[in-house]
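To start, the structure itself, in structure tokens.
Keep in mind that what you see is a predicted model, and the values were worked out from it rather than measured.
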Amino acid sequence: MRLFGRFLAAASVAMALATGAASAQDKKLRLGTEGAYPPFNYANADGTLGGFDIDLGKALCAEMKTECEFVVQDFDGSIPALQAGKFDAIINITITPERAEKVDFTHKYYQTPPAIAVPKDSTVIGTSPEDLKGKALGVQSATIHQNFAEQKYAGSTIKPYPTGDDARTDMVNGRLDAVMDGSILLTEWLEKPEGACCKLLGTLAPDPAIHGPGVGIALQKGNKALAQKLDAAIDALRANGKYKEINDKYFALTSTASRRKAHRAPTSTIGEARTALPLLQQHRRASPHFPA
């Protein structure tokens, strides 16, 4: 009888701990973010975080009636940090089969084709592997862009960098011939003073095996309850107009010149009419998983 009583007590403690953990997550959602991927996430001059991801994360937390906490984490260490419990989810990470073996995902909430930028005086005229043969191509490490470049641009010298900013800085300083990154990010960067040196060479056709279906939010394996809550919150933000409001704040004012430049991308197969368009317009819901 005493043994049975001890078993019940132990079970009660375990249930209390589990309930407490779930309750803590309900009260606060810790979102991992790189904080160095503008315009999606970046550090302001006062040290606070800003960007599309940050505003979206706050809106998701408000919809879920929970407190938000953002945890800055280098991108290449974000999945191990999630697995270790440093935060509850990673906002803005491409859904790929390789990553899905390690973490779970919400459905996607946007997608952007990859693109290549070069200095304005570059003699490179196209985005094909042959066009960039023998050239130094910069990418951010541990990203789909690194995987894509290494698999498809074997004739180029692929140089990975801790952040996309580092790669672009080296291109500005003449140490790279080109950089590969998301088309939206590169288009926004080219409109800033620091991007005045360079031009968008063109967008690329994504490889589904590498680029996956799009960008979502990653969670620890088995955390289906949180995935469902986040999916429901994403759906609600689309339905009530909040997603469009956040989207338009960062992307709806892209210049006509940039749109024309994107539309003339030499080798674009999916991005010509979509590269610089607002995310909401690019990815209207056509199924439960918001495919492009």
Side-chain angles (χ1 to χ4, degrees), residues 34 36-40 75-76 93-94 96-98 111-192 194-212 214-215 254 257-277 282 292:
E34 183 181 8
Y37 195 68
F40 294 96
F75 185 78
D76 59 0
I93 182 167
T94 301
T96 68
E98 180 183 2
Q111 184 178 34
T112 176
I116 291 176
V118 296
K120 285 181 176 177
D121 60 359
S122 174
T123 58
V124 179
I125 60 172
T127 60
S128 72
E130 187 62 31
D131 290 320
L132 287 153
K133 187 175 182 179
K135 303 297 184 182
L137 178 60
V139 292
Q140 183 175 359
S141 63
T143 64
I144 53 172
H145 305 299
Q146 180 181 6
N147 294 343
F148 186 69
E150 290 177 346
Q151 292 185 37
K152 305 297 184 180
Y153 289 77
S156 302
T157 301
I158 309 303
K159 294 189 175 183
Y161 290 81
T163 70
D165 275 342
D166 293 334
R168 292 187 291 276
T169 297
D170 259 14
M171 180 171 68
V172 171
N173 292 326
R175 290 187 285 270
L176 286 175
D177 298 301
V179 295
M180 181 186 294
D181 213 321
S183 57
I184 292 175
L185 180 145
L186 289 176
T187 300
E188 295 287 322
W189 175 71
L190 290 169
E191 293 189 342
K192 297 178 180 178
E194 54 266 37
C197 61
C198 304
K199 63 183 178 181
L200 191 71
L201 189 62
T203 53
L204 308 169
D207 182 338
I210 299 174
H211 294 97
V215 172
T254 302
S258 291
R259 289 196 181 98
R260 288 173 179 167
K261 185 188 299 182
H263 297 343
R264 294 197 300 266
T267 60
S268 172
T269 58
I270 74 165
E272 287 188 352
R274 300 167 62 185
T275 300
L277 293 178
Q282 290 180 27

[X] side chain vs [Y] backbone, donor-acceptor pair below 3.5 Å:
X: S141; Y: P160; answer: no
X: K159; Y: A167; answer: no
X: T203; Y: P114; answer: no
X: E188; Y: I184; answer: no

Looking only at heavy atoms, what is the nearest atom pair of [X] and [Y], with distance?
X: E34; Y: P162; answer: OE2-O, 4.2 Å
X: D165; Y: A36; answer: OD2-O, 4.2 Å
X: P119; Y: D177; answer: CD-O, 3.3 Å
X: G126; Y: L201; answer: O-CD2, 3.2 Å
X: L200; Y: A115; answer: CD1-CB, 3.8 Å
X: G182; Y: Y37; answer: N-OH, 4.1 Å

Atom pair [atom1] ([X]) and [atom2] ([Y]), whose distance is rounded to the nearest 0.5 Å:
X: M171; Y: T169; atom1: CE; atom2: OG1; value: 9.5 Å
X: E150; Y: H145; atom1: CD; atom2: NE2; value: 13.0 Å
X: M180; Y: T143; atom1: CE; atom2: OG1; value: 9.5 Å
X: R168; Y: L176; atom1: CZ; atom2: CG; value: 11.5 Å

Pair K152-I210, side chain to side chain contact (heavy atoms under 4.5 Å, CB included): steps then yes or no
CA-CA 11 Å; K152 305 297 184 180; I210 299 174; 4.2 Å; yes
Stepwise, does the side chain to side chain contact (heavy atoms under 4.5 Å, CB included) test hold for V179 with Y161?
CA-CA 11 Å; V179 295; Y161 290 81; over 6 Å; no
Side chain proximity check, S122 to K135, heavy atoms < 4.5 angstrom
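SC-SC contact between S122 and K135 ruled out.
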Does any non-hydrogen side-chain atom of L132 lie less than 4.5 Å from one of I116?
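They are in side-chain contact.
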The single option from I158, I144, D181 passing side-chain contact (heavy atoms from CB on, under 4.5 Å) against V139
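When side-chain contact (heavy atoms from CB on, under 4.5 Å) is applied between V139 and each of I158, I144, D181, only I158 qualifies.
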Check salt bridge (charged side-chain N to carboxylate O under 4.0 Å, His left out) between D170 and all other residues, then give those that pass, not counting sequence neighbours.
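D170 satisfies salt bridge (charged side-chain N to carboxylate O under 4.0 Å, His left out) with R175 only.
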Taking atom CD as the centre, does E194 end up with more than 12 heavy-atom neighbours from other residues, nucleotides or ligands that are less than 6.0 angstrom away?
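Yes, CD of E194 has more than 12 neighbouring heavy atoms, counting only those of other groups under 6.0 Å.
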Suppose we screen for ring pair (Phe, Tyr, Trp, His ring centres under 6.0 Å). Which residues come up paired with F75, at least two apart in sequence or across chains?
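Expected list: none.
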